[in-house]
Amino acid sequence: MSEQEEEFDAQDVLNAAEETTYKAINIPVTSEDLPESEDNELEPEPSGGGHVKEQKDRSSSSLPSTDEEQLMEEAVSPEQVSQSLRHYKDHYHATQSANERSNDYVAFLEKIKAVKESLKTSVIDSSATVKVVLLPVGQEIIISFNIDSTLKHLRDHFSYLVNVPSDVLQLRCAGKILKNNETLLQHVVKTQDIVQVEIFSALPDVYPVKRINRSDDASQVIIVRVQTGTDQYQQVAVEIIKSDFHKPFLGGFRHKITGIEYHNAGTQTVPKKIAEKHNAFCRDTQTVLERRKLQQTVNTTSTQMTKIGVYVSNITDKLVTPGKYFSAAEYHAQRLAAVIVLQTYYRQWHAKNVVNDLRRQKMLRLKWEEQEEQRKIEEKEEWMALDYYRRRNPQTKEDFELLYNALELWRQEELARINQSLTGAERKAALCEVLEKESQIIASIGRHRYIAAIANQEAMIQAFLNKCSAPKKWRLDGKIIEMDTQFTLRARELQNIYKCIILKNLSQDERLDVLLTLKHTVKEHECKLTQEILELIDREVDLMMRGVKQENLEGLRKRIATLFFHYIKTPLFNPEVSRHLKVPQDPLKFYKKIYYCHSCQLYLPSTEFAISSTSHHINRCRKCISLDNESQQRESFLKYKCLLQRLYSSEAEYEDDSKIAFLMQLQDIQYLIENIWMSQSALSAWNDLNDLVMVRWDKSLEWSPWNCILLTKDEGVAHLKLMSIEEGYKPLFIHKIKHKHFLAKNYFSQIPVLASFLLEDPEVEEIRKKHNPETTPKIIESPKPTP
């Protein structure tokens with residue numbers, strides 16, 4: 001190779017080095033943000049915005065030998081490079097021979113390449129980190145941009161990304177609008193600085209700025225300046241990769257004084273996804289393979305002692321003497337003793353917990369028993385207070401039954417006392433005195449009954465009027481719908497007039513207005529009743545005008561109210577009332593439900609007769625039965641009514657369509673309690689009917705007189721919790737209860753309705769066959785006459 005060719009090649013290398021050294025980058029962006037086209041003017045060049053690996057390779061490149069380092073330090077300008085080349089060229093012609101030219105030329109080219117690489121690394125990157133904010137969407141994009149490049153490149157780049165013309169986009173930095181021919185250097189932005197640039201549209205209505213759709217793994221590049229030594233810095237391009245990977249928490253610690261938490265570093269790489277196992281439940285995956293392999297690693301040690309030429313001090317040496325031999329049996333015995341101590345303490349702790357638990361349960365049990373006892377006492381006191389109040393202020397039929405029952409108990413006690421202590425004339429005098437007191441008490445009860453009847457009559461009248469004036473109601477889709485008819489409106493109008501009539505303490509003008517309204521209402525119909533009402537109204541108005549006192553008009557006003565109430569109860573004047581009258585308007589229906597009472601000798605409707613389940617004939621009405629009870633037996637049926645009500649409520653809670661319990665009447669439940677169960681509990685023989693309940697014997701079957709048992713309230717709750725009757729009671733007690741059930745079947749089988757439930761009972765059928773065996777008639781054949 002000639003000298004001219006060598007010089008020409010060297011000059012080309014220098015030119016290439018110079019060209020490469022002073023070449024700059026306009027927009028350092030990633031390949032994912034730009035379209036894949038060859039004519040893209042904003043494509044990043046390798047020397048400015050490359051990845052971390054490329055930048056590290058450039059920053060860490062160095063010459064392999066000391067001569068190359070010397071050449072790199074001396075390579076400052078192209079002129080110095082050309083002088084060094086001429087020097088090596090002269091030295092090459094002067095010292096080397098013709099046979100060694102080829103080897104020296106290869107070494108010279110390698111040095112030239114090293115100089116080129118050193119020139120590349122010596123150039124300082126003049127780029128800054130630009131934080132671009134897209135308004136009004138607020139999206140932030142971080143890129144690297146040369147401070148000496150015009151902002152037109154940045155505007156064109158984002159014009160393409162947001163699909164908005166470049167002349168419409170506006171760039172703003174620190175409140176100032178940036179122009180196309182300006183650079184970041186003119187705005188006092190230094191190398192490696194971070195500056196924020198806002199991009200918005202001048203015509204937001206026509207060309208709005210929208211969010212740039214970037215993938216989650218889109219990378220961003222920033223330049224970081226790292227100090228590598230004293231006054232030595234290295235610039236590293238760092239690529240930011242956005243990922244939704246959540247780095248796991250690998251633990252850490254907290255400073256006790258400052259309270260700052262420090263977390264252990266975790267890996268920043270996305271973990272590999274575990275491939276899905278298709279045969280995760282096969283036999284191989286459920287088979288465990290165990291292998292045992294003992295390994296003993298090599299432990300290399302060395303010792304040193306005093307010898308010729310070496311002195312080792314023995315000041316720190318220790319004299320070791322062998323101790324007592326500790327066998328394996330002694331070791332296991334020691335472990336066993338330690339285990340026994342641990343078990344002792346554990347069992348002590350466990351026993352304490354058990355005892356504390358038992359003590360706590362006992363305390364809760366005693367507290368519960370105390371509360372139950374207190375509850376029972378309060379219920380008893382409440383019942384006694386209510387009973388005392390009902391006797392002091394009787395209002396209902398049951399209250400007067402209690403009074404007559406108490407009177408009968410007092411009379412029997414007095415008779416027993418007189419018969420025991422007195423005889424002869426003294427006894428007769430005492431009996432007369434008791435009879436006189438009894439008559440006085442009966443008269444007092446009669447007066448209370450009269451007062452209660454008046455109060456109850458007013459309440460009954462108001463309830464009757466409320467029923468007549470109530471609107472029609474029905475349920476639809478869970479809602480109650482009400483509707484007023486012309487008849488209900490008429491009944492409501494008459495009810496309001498009646499309320500005004502019975503009002504007291506009215507002024508004269510107000511009373512006259514009420515009477516005038518009543519007169520206009522009654523005038524609509526002409527009959528004997530309305531004429532009498534009109535006459536009474538005129539009479540009251542005349543007396544009021546004459547100045548008669550209100551106390552003297554009470555009787556007249558009561559007559560007017562009574563006659564007007566009869567007017568309201570007439571279906572001709574109030575059609576709605578016909579639905580609530582006890583006496584039907586149709587005579588045919590009236591005759592079918594009328595019965596004769598042999599005691600009071602009156603014809604009464606069927607509702608006035610108390611008919612038991614076992615009765616075959618109708619003899620006396622309710623009023624005659626009550627009067628006979630007050631005069632002779634004086635029994636109180638309130639306890640039986642309460643017990644029957646508790647039976648109804650308990651059977652309604654089962655919701656299994658039980659029927660027999662709701663067919664039972666007061667006389668039936670009284671016979672069942674008094675004659676079958678002897679008015680006492682089957683378990684504890686408690687005889688207070690206020691504390692007794694009738695529950696099912698077998699809770700899987702519906703209640704019936706042959707499937708019940710009389711118990712206290714607490715016993716009934718415990719009985720219903722039994723899972724099996726045979727396990728809860730002894731056979732003798734079960735036989736006793738079944739005998740009572742058979743007695744109930746024998747009595748209630750007379751009722752046609754209840755007899756239908758007994759037809760399919762296997763026990764009754766078995767007993768019927770036992771006492772009434774079927775006998776087939778015998779056929780007796782007569783002997784044939786002999787010829």
Side-chain angles (χ1 to χ4, degrees), residues 610-616 637 639-687 689 691-772:
I611 303 173
S612 64
S613 301
T614 57
S615 60
H616 297 279
F637 302 99
K639 297 181 179 179
Y640 299 104
K641 290 180 180 179
C642 295
L643 197 146
L644 185 61
Q645 190 64 32
R646 289 195 292 268
L647 174 62
Y648 288 161
S649 60
S650 63
E651 286 300 310
E653 292 177 356
Y654 282 100
E655 297 181 356
D656 55 354
D657 297 334
S658 60
K659 302 176 182 178
I660 302 178
F662 299 98
L663 296 175
M664 302 296 292
Q665 299 297 325
L666 183 62
Q667 296 83 357
D668 303 328
I669 203 73
Q670 181 181 2
Y671 178 86
L672 186 63
I673 292 173
E674 293 180 354
N675 297 78
I676 305 297
W677 298 102
M678 303 303 173
S679 300
Q680 62 182 7
S681 172
L683 285 175
S684 59
W686 185 260
N687 57 2
L689 293 181
D691 298 333
L692 299 180
V693 291
M694 294 286 291
V695 297
R696 297 183 179 184
W697 170 250
D698 186 0
K699 61 182 179 180
S700 61
L701 303 176
E702 68 170 318
W703 188 95
S704 61
W706 50 90
N707 184 34
C708 64
I709 182 172
L710 185 62
L711 300 171
T712 62
K713 296 179 181 179
D714 298 336
E715 293 171 353
V717 173
H719 172 76
L720 294 177
K721 291 181 180 180
L722 293 177
M723 301 302 297
S724 176
I725 297 175
E726 288 75 11
E727 295 178 359
Y729 302 107
K730 293 183 178 180
L732 181 62
F733 182 80
I734 296 175
H735 177 72
K736 176 182 176 183
I737 299 300
K738 287 187 175 181
H739 176 69
K740 292 182 178 295
H741 289 169
F742 183 76
L743 295 178
K745 288 179 182 179
N746 188 24
Y747 175 78
F748 287 98
S749 61
Q750 305 173 20
I751 306 173
V753 179
L754 297 181
S756 60
F757 294 96
L758 294 172
L759 294 177
E760 300 178 358
D761 193 351
E763 295 182 358
V764 176
E765 191 68 24
E766 183 180 356
I767 295 173
R768 186 182 294 111
K769 291 181 179 180
K770 181 178 180 181
H771 293 278
N772 297 322

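As the structure is a prediction and not an experimental result, all values here were calculated from the model. Basis for what follows: all heavy atoms, side chains included, without hydrogens, waters or symmetry-related copies. Start at 1 with the first residue, then count along the sequence.
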Side-chain touch [X]/[Y], heavy atoms, less than 4.5 angstrom:
{"X": "L672", "Y": "Y640", "result": "no"}
{"X": "K641", "Y": "L666", "result": "yes"}
{"X": "L743", "Y": "H739", "result": "yes"}
{"X": "I660", "Y": "P705", "result": "yes"}

Quick check for you: to the nearest 0.5 Å, what is the distance between [X] atom [atom1] and [Y] atom [atom2]?
{"X": "M664", "Y": "C708", "atom1": "CE", "atom2": "SG", "value": "8.0 Å"}
{"X": "D698", "Y": "I725", "atom1": "CG", "atom2": "CD1", "value": "4.5 Å"}
{"X": "L689", "Y": "Q680", "atom1": "CG", "atom2": "CD", "value": "10.5 Å"}
{"X": "Q670", "Y": "N675", "atom1": "CD", "atom2": "CG", "value": "8.5 Å"}
{"X": "E715", "Y": "D691", "atom1": "CD", "atom2": "CG", "value": "10.5 Å"}
{"X": "L643", "Y": "I673", "atom1": "CG", "atom2": "CD1", "value": "4.0 Å"}

Donor-acceptor contact below 3.5 Å, side chain R696 vs main chain L720 =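 Absent.
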task = Measure from the side-chain N and O atoms of N707 to the backbone N and O of E702, and report whether any donor-acceptor pair falls under 3.5 Å.
result =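 It does hold such a pair.
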request  = Applying side-chain contact (heavy atoms from CB on, under 4.5 Å) between H719 and each of T712, V695, V693, report the one that passes.
outcome  =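 Per the side-chain contact (heavy atoms from CB on, under 4.5 Å) rule, the option paired with H719 is V695, out of T712, V695, V693.
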ask   = Do we see a donor-acceptor contact under 3.5 Å between the side chains of W706 and S704?
value =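 The answer is yes; a qualifying pair exists.
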If you compare all heavy atoms of [X] against all heavy atoms of [Y], which two are closest, and at what distance to 0.1 Å?
{"X": "D668", "Y": "L663", "answer": "OD2-O, 4.3 Å"}
{"X": "I737", "Y": "A682", "answer": "CD1-CB, 4.1 Å"}
{"X": "S681", "Y": "L692", "answer": "CB-CD2, 4.0 Å"}
{"X": "L647", "Y": "S650", "answer": "O-OG, 2.9 Å"}

query = Out of W703, W677, Y729, which one pairs with W697 under the ring pair (Phe, Tyr, Trp, His ring centres under 6.0 Å) rule?
reply =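 The residue from W703, W677, Y729 that satisfies ring pair (Phe, Tyr, Trp, His ring centres under 6.0 Å) with W697 turns out to be Y729.
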inquiry  = For F662 and Y648, take the angle between the two ring planes, folded into 0 to 90°, and tell me which bin it lands in: parallel under 30, tilted 30 to 60, perpendicular over 60.
reply    =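 Geometry flag for Y648 against F662: parallel rings.
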